[in-house]
Amino acid sequence: MSTVAETSITLTPEHDARPGATVRSRLQDALPKLVLAPSFAATVVFVYGFILWTIYLSFTNSKTFPSYAITGPRAYQRLWRWTFESDPPSSWYTSITNMGIFGFLYISICLALGLFLAILLDQKIRGEGMLRPIYLYPMALSFIVTGVAWKWFLDPGLGLEQTLHQWGWTSFHFDWIKNKDFVIYTVVIAGVWQASGFIMAMFLAGLRGIDGEILKAAQIDGATTFQLYRRIVIPLLRPIFLSALIVLAHLAIKSYDLVVALTSGGPGGSAWLPSNFMYEYTFKRNEMAVGSASAVIMLMTITAIIVPYLYSELREKPR
């Protein structure tokens with residue numbers, strides 16, 4: 001009886017020991033890092049570096065030029081007094097009040113209108129391919145262009161009111177853009193017109209990603225169209241809602257150019273948002289510390305919105 005010894009032979013690729021090949025492989029490994037290094041360095045310096053610089057200035061007594069001596073939270077104390085102890089209301093109080101009005105209406109209307117348009121387009125209507133670019137086109141415009149266009153449209157002596165007067169409807173009046181009590185609502189109108197199409201596209205992509213078998217099963221079980229959307233479709237769109245909320249909140253808080261182009265700040269600064277307050281006090285009223293403090297408050301507001309969202313997303317992924 002013969003025993004055959006089986007030997008397993010492991011073949012390993014031969015490594016090129018030539019110096020040129022070693023240098024080439026190292027360069028290939030380092031190439032992505034070299035390409036990303038300039039943009040990473042620019043981001044660290046010009047984004048996070050200047051964020052830290054702004055925070056530092058908010059604790060100084062900087063006026064026209066930066067001051068390097070830390071004087072404590074005096075700028076924040078001034079903003080606190082202007083918020084709760086100022087009579088008549090200060091420009092900072094007006095700014096944060098307008099931010100509440102604009103942010104709430106802008107976000108809620110964009111979400112509702114975007115979802116409504118997405119549901120309509122999801123019905124496979126004729127001409128959908130032409131309607132989608134029409135709804136998305138405003139988002140391609142800058143806030144400056146949007147503000148100027150709506151300024152012309154809402155100007156009582158030039159736009160909608162003047163046109164209707166020429167057509168014979170002389171009793172029609174729409175002077176919100178010149179009324180300090182209603183001017184902030186014109187900013188809401190222009191902002192909703194620009195952003196609702198983009199939110200519609202987000203919701204439409206979410207609707208197209210829902211499994212049709214789930215909807216068919218619900219219809220077989222007798223679910224009405226309203227129940228279908230209320231109990232199945234809209235809950236499945238929760239990630240889209242959160243993403244849209246983050247985008248809209250970010251746009252609302254940093255809206256500066258839209259207010260300037262549309263209302264020039266409004267009568268007596270009645271349309272100011274915190275971004276307009278920050279620019280005015282930093283670069284025009286020579287109160288750099290106060291402007292930096294308002295910028296830090298804006299940053300903390302955005303952080304308070306984004307961080308819980310990121311935490312929830314990162315916590316759900318491991319599951």
Value rounded to 0.5 Å, distance of CG in Leu204 from CD1 in Ile199: 12.5 Å
To the nearest 0.5 angstrom, please state how far the CD1 atom of Ile184 sits from the OG1 atom of Thr97. 10.0 Å
Does Phe143 offer a backbone N or O that forms a donor-acceptor pair with the side chain of Thr146 under 3.5 Å? no
Taking Thr224 for the side chain and Gln227 for the main chain, is one N or O donor matched with an acceptor at less than 3.5 Å? yes
Do Leu158 and Thr163 come within less than 4.5 Å of each other through their side chains, counting heavy atoms only? no
Are Lys151 and Ser264 side-chain neighbours, meaning at least one heavy-atom pair lies under 4.5 Å? yes
Val290 versus Arg285: any side-chain heavy-atom pair under 4.5 Å? no
Short side-chain to backbone donor-acceptor contact, Glu287 and Lys63, under 3.5 Å: no
Over 60° means perpendicular and under 30° means parallel, so tell me whether Phe102 and Tyr106 are parallel, tilted or perpendicular. parallel
Hey, does the side chain of Thr170 reach the backbone of His165 with a donor-acceptor pair shorter than 3.5 angstrom? no
Would you call the rings of Tyr56 and Tyr68 parallel, tilted or perpendicular, where under 30° means parallel and over 60° means perpendicular? tilted
To the nearest 0.5 Å, atom OG of Ser95 lies from atom CD1 of Ile297 at 11.0 Å
Is Leu52 reachable from Phe46 through a run of I, L, V, M, F, W or Y residues, each pair having side-chain heavy atoms under 4.5 Å apart? no
Quick one: do Leu79 and Phe277 satisfy side chain to side chain contact (heavy atoms under 4.5 Å, CB included)? Show the steps, please. CA-CA 11 Å; Leu79 292 179; Phe277 176 92; 3.8 Å; yes
No-hydrogen, no-angle side-chain donor-acceptor test under 3.5 Å, Trp92 and Thr83: yes
Is a side-chain donor or acceptor of Thr186 paired with a backbone partner of Val183 at a separation under 3.5 angstrom? yes
For residues Ile232 and Ala218, report the shortest heavy-atom separation together with the two atoms involved. CD1-CB, 3.4 Å
Looking at Asp211 and Glu213, would you say the former's side chain and the latter's main chain have a donor-acceptor pair under 3.5 Å? yes
Keeping Gln123 on the side-chain end and Leu120 on the backbone end, is there a donor-acceptor pair under 3.5 Å? no
Treat each ILVMFWY residue as a node, draw an edge where side-chain heavy atoms are under 4.5 Å apart, and state whether Val187 and Val247 are in one component. yes
For Arg74, does the CZ atom have more than 12 heavy-atom neighbours from other residues, nucleotides or ligands under 6.0 Å away? no
Heavy-atom donor-acceptor pair, Ser58 side chain to Ser292 backbone, under 3.5 Å: no
Could you walk me through whether Leu258 and Thr263 satisfy the side chain to side chain contact (heavy atoms under 4.5 Å, CB included) test, starting with their C-alpha distance in whole Å, then the side-chain angles of each, then the deciding distance to 0.1 Å, before giving a yes or no? CA-CA 8 Å; Leu258 179 62; Thr263 67; over 6 Å; no
Indicate if Ile144 and Leu141 have the same hydrophobic cluster label, given that clusters are the connected sets of ILVMFWY residues with side-chain heavy-atom separations under 4.5 angstrom. no
Within the 3.5 Å criterion, strictly below it, is a donor on Trp272 or Ser270 matched to an acceptor on the partner's side chain? no
Hey, can you tell me if Phe182 and Tyr185 have their rings parallel, tilted or perpendicular (30° and 60° cut-offs)? tilted
Considering all heavy atoms, the nearest Leu236-Pro239 contact: O-CD, 3.6 Å
Report whether Ile107 and Ile96 are members of the same hydrophobic cluster (ILVMFWY, side-chain heavy atoms less than 4.5 Å apart, transitive linking). no
Flag, side chain of Ser243 to backbone of Ile240, donor-acceptor distance under 3.5 Å: no
Nearest non-hydrogen partners of Ser67 and Ser62, listed with the distance: N-OG, 2.8 Å
Can you classify the ring geometry of Trp82 versus Tyr281 as parallel (below 30°), tilted (30 to 60°) or perpendicular (above 60°)? tilted
Nearest-0.5 Å distance that lies between atom CE in Met200 and atom CG in Leu131: 8.5 Å
For Pro156 and Glu161, the nearest pair of non-hydrogen atoms, with its separation, is CB-OE1, 3.5 Å
Ring centroid separation Phe241 to Phe203 under 6.0 Å: yes
Shortest non-hydrogen pair, Ala252 vs Gly103, comes out as CB-CA, 4.4 Å
What's the verdict on side chain to side chain contact (heavy atoms under 4.5 Å, CB included) for Trp193 and Ile189, showing C-alpha distance, side-chain angles and the deciding distance? CA-CA 6 Å; Trp193 176 81; Ile189 293 172; 5.6 Å; no
Closest non-hydrogen atom pair between Met288 and Thr64, with its separation: CE-O, 3.3 Å
Answer whether the closest heavy-atom distance between the side chains of Pro274 and Met298 falls below 4.5 Å. yes
d(Leu273 CG, Ile253 CD1) to nearest 0.5 Å is 10.5 Å
State the OH-CG distance between Tyr256 and Asn276, to the nearest 0.5 angstrom. 6.5 Å
Under 6.0 Å between the ring centres of Trp53 and Phe50? no
Any chain of hydrophobic side-chain contacts (each under 4.5 Å) joining Leu299 to Met278? no
Should the pair Phe174 and Phe172 be assigned to parallel (<30°), tilted (30 to 60°) or perpendicular (>60°) ring geometry? parallel
What verdict does the side chain to side chain contact (heavy atoms under 4.5 Å, CB included) test give for Asp122 and Arg208, after you've listed the backbone C-alpha separation in whole Å, the side-chain angles of each residue and the deciding distance to 0.1 Å? CA-CA 7 Å; Asp122 192 47; Arg208 296 289 167 82; 2.8 Å; yes
Is the Tyr76-Trp80 ring centre distance short of 6.0 angstrom? no
Closer than 3.5 angstrom, by distance alone: can the side chain of Asn98 be matched with the main-chain N or O of Thr94 as a donor-acceptor pair? yes
